[in-house]
Amino acid sequence: MRALREAVDSGRLAPGTRLPPYRSLARDLGIARNTVADAYAELVAEGRLSARQGSGTRVAHRAAPLPSGRDAPTRPTAARPVVHDLAPSSPDASAFPRSDWLTSVRRAVSAAPSGAFGVGDPRGRPELRTALAEYLARARGVRTEPDRIVVCAGFAHALRLLGGILDGPVAVEAYGLAFHRGLLTEAGRPTVPLTVDRAGARTAELAVTGARAALLTPAHQFPTGGPLHAERRALAVDWARAHGGLLLEDDYDGEFRYDRQPIGAVQGLDPDRVVYLGSTSKSLSPALRLGWMVLPAELVDPVLAAKGSRELTSGVIDQLTLADFLAHGAYDRHLRRMRRHYRRRRDLMVRTLADRAPDIRVSGIAAGLHAVLELPENTEPLALGTARRLGLALEGLRPYRHPDSTMPPRDGLVIGYGTPPDHAFPAALDALCQTLTTLPRD
């Protein structure tokens, strides 16, 4: 109620704006329907909202927004608070499988031995490592055993640990997260860019980089999209074998492929030369802080030494719960449901852009939760500025480019279609299309 009052009183929610049905909003927020219904009723009584049978609940028409107590600015502010969230890399938080997760919590805690609640194994709970070994072999083609899996608090935590034990420079894709490059640099591992095109990273370049390791996103290159071509996968493995190198496989979006079955992991080609990295951040929730490394046998002890005997970070109850979630098939059911959910989102986005911005090329949509909109040259800053004024959160493509890359900068927008709840997604797409209509046409 406080948030809605502020939005109405400030004019951010304009008169006549239709609010989502209280059942939809309750589902998205994970609260009781009566709670939302009571909030709406209170705001109707205050005169801020109006409700009419068949017309839904809308912002009431009033003379003017309430004064703020300060003089009005002489010009509009440059940006609004985030109203529409199309930032990439986040799942739909409202789709977290609460009931199934709670069932697994109860079952896992009831079955856990007493020792599970003492000082734990830095490798992670054996129940989870066993369940992961089975699942990853079946779903991702990973070849491993539980003793070669180390549980961590997500991909960034894994990269920090690996950065502390690697030698020499690390080759990275020319377009990728600056945050990940920064983690390696902080660990004393300079990064060398590999050219990226529609077939993924050009792994033939590895031989001339001087790198001792390479960080790749073979399942779905982030952010440009597309899987690593089979020939380039083989070249990467051949390089690692010939040079004593190591491949760090970030299985980004590996479980969310829409045009065919998910592509198997590179790790299956050579488990002794590939570190497989995964997490629940996209498949379930980043709030869980659960990830894993599938390591070559010779790296298990160095990683555990870097992790420390008491540096556990991932809660035991969450580990036990995920193990149960995997073992009883709930994870597979959730992924099937979310593939359908995100594919519908993707298809709606593609249709909307085709209708309202037909000259904008959309790429990277065969998998994952994001897409790249290719923009005319030198228009990315204009698009980002317009988006900020509309309260639309998204990202430009240029900041992903490695500063040492010889690839020419590309203008584009990186948008995520996973984050908004269902009732807010059409409005977010409308704001995106408004942003694109401001761009000059060739």
Identify whether NZ of Lys or CZ of Arg in Arg345 sits under 6.0 Å from the centre of the six-membered ring of Phe425 and within 45° of that ring's axis. yes
Expected output: side-chain Thr130 to main-chain Glu127 donor-acceptor under 3.5 Å: no
Quick one: do Arg232 and Asp197 satisfy side-chain contact (heavy atoms from CB on, under 4.5 Å)? Show the steps, please. CA-CA 12 Å; Arg232 295 186 180 183; Asp197 58 25; 2.7 Å; yes
With side-chain contact (heavy atoms from CB on, under 4.5 Å) as the test, would you mind laying out the steps for Val142 and Asp251 before giving the verdict? CA-CA 11 Å; Val142 170; Asp251 196 28; over 6 Å; no
Side-chain contact, heavy-atom cut-off 4.5 Å: Leu382 with Thr386? yes
If I take atom OG1 from residue Thr321 and atom CG from residue Leu102, how far apart are they, to the nearest 0.5 angstrom? 9.0 Å
Should Leu25 and His423 count as side-chain neighbours, where that means a heavy-atom distance under 4.5 Å? yes
Treating Glu255 as the side-chain partner and Lys282 as the backbone partner, does any N or O pair qualify as donor plus acceptor under 3.5 Å? no
Can you check whether Thr224's main-chain N or O pairs, donor with acceptor, with Gln221's side chain at less than 3.5 Å? yes
Crowded around Arg361 CZ? As in, over 12 foreign heavy atoms under 6.0 Å? yes
Can you name the nearest heavy-atom pair linking Pro420 to Leu86, along with the distance? CG-CD2, 3.9 Å
Taking atom CZ of Arg98 as the centre, report whether more than 12 heavy atoms of other residues, nucleotides or ligands fall under 6.0 Å from it. yes
NE2 on His157 to CG on Leu162, rounded to 0.5 Å: 10.0 Å
Apply the test side-chain contact (heavy atoms from CB on, under 4.5 Å) to residues Leu373 and Leu432: give CA-CA distance (whole Å), side-chain angles for both, the deciding distance (0.1 Å), then the verdict. CA-CA 11 Å; Leu373 310 188; Leu432 175 62; 4.0 Å; yes
Nearest 0.5 angstrom please: Asp411 CG to Leu397 CG, how far? 8.0 Å
Is a side-chain donor or acceptor of Glu249 paired with a backbone partner of Gln267 at a separation under 3.5 angstrom? yes
Nearest heavy-atom contact between Leu284 and Pro91 is O-CG, 4.4 Å
Of the non-hydrogen atoms in His334 and Pro97, which two are nearest, and what is the gap between them? CE1-CD, 3.5 Å
Would you say that Val150 contacts Leu304 through its side chain, given a criterion of any heavy-atom pair below 4.5 Å between the two side chains? yes
Under 4.5 Å between any side-chain heavy atoms of Glu395 and Pro88, yes or no? yes
Under 3.5 Å donor-acceptor, Asp250 side chain and Thr217 backbone: no
Taking only Lys NZ, Arg NE, NH1 and NH2, and the carboxylate oxygens of Asp or Glu, determine whether Arg181 and Asp404 approach each other closer than 4.0 Å. no
Can you list every pair that meets ring pair (Phe, Tyr, Trp, His ring centres under 6.0 Å) and has a residue in residues 340-382, with sequence neighbours left out? His220-His370, Phe222-His370, Phe256-Tyr342
If the threshold is 4.0 Å, N to carboxylate O, is there a salt bridge linking Arg129 and Asp121? yes
Before giving the answer on side-chain contact (heavy atoms from CB on, under 4.5 Å), spell out for Leu375 and Leu413 the whole-Å C-alpha distance, their side-chain angles and the decisive distance to 0.1 Å. CA-CA 7 Å; Leu375 301 181; Leu413 297 177; 3.7 Å; yes
Over all heavy atoms of both residues, which pair between Ala201 and Leu216 is shortest? Give the atoms and the distance, please. CB-CD2, 4.1 Å
Is the closest basic N to carboxylate O distance between Glu374 and Arg198 below 4.0 Å? yes
Looking only at non-hydrogen atoms, find the nearest pair between Gly124 and Gln319 and report the distance. CA-OE1, 3.4 Å
Does any part of the side chain of Tyr400, heavy atoms only, come nearer than 4.5 Å to the side chain of Leu177, both counted from C-beta? yes
Indicate the atoms forming the closest heavy-atom contact of Pro223 with Gly176, along with that distance. CD-N, 4.0 Å
Counting N and O atoms only, with roles assigned by atom type, does the side chain of Arg346 sit under 3.5 Å from a partner on the main chain of Ile365, one being a donor and the other an acceptor? yes
Determine whether a donor-acceptor pair (N or O, by modelled atom type, separation under 3.5 Å) exists between the side chain of Arg202 and the backbone of Thr195. no
Salt bridge (charged side-chain N to carboxylate O under 4.0 Å, His left out) against Arg351, all qualifying residues, sequence neighbours excluded: none
Count the heavy atoms belonging to other residues, nucleotides or ligands that lie under 6.0 Å from CG of Leu335, then report whether that count exceeds 12. yes
Are any non-hydrogen side-chain atoms of Arg356 and Asp430 less than 4.5 angstrom apart? yes
Find the distance between CZ (Arg160) and NE2 (His180) and round it off to the nearest 0.5 Å. 9.5 Å
Out of curiosity, Leu439 CG to Asn378 CG, how far, rounded to the nearest 0.5 Å? 12.0 Å
Is a donor on one side and an acceptor on the other found under 3.5 Å between the side chain of Arg289 and the backbone of Pro286? yes
dist Leu128:CG -> Ile149:CD1 (nearest 0.5 Å) comes out at 8.0 Å
So the ring pair (Phe, Tyr, Trp, His ring centres under 6.0 Å) pairs with at least one residue in residues 98-145 (sequence neighbours excluded) are Phe96-Trp101, Trp101-Phe325, Tyr135-Tyr331
Check whether any side-chain N or O of Ser314 sits under 3.5 Å from a backbone N or O of Cys152 as a donor-acceptor pair, and report yes or no. yes
Give a yes or no on whether Arg337 atom CZ has more than 12 heavy-atom contacts from other residues, nucleotides or ligands under 6.0 Å away. yes
Under 3.5 Å, is there a donor-acceptor pair between the side chain of Ser405 and the main chain of His402? no
With heavy-atom distances below 4.5 Å as the criterion, would you say the side chains of Leu132 and Thr144 are in contact? no
Would you say the side chain of Leu184 lies within less than 4.5 Å of the side chain of Val172, judging by non-hydrogen atoms? yes
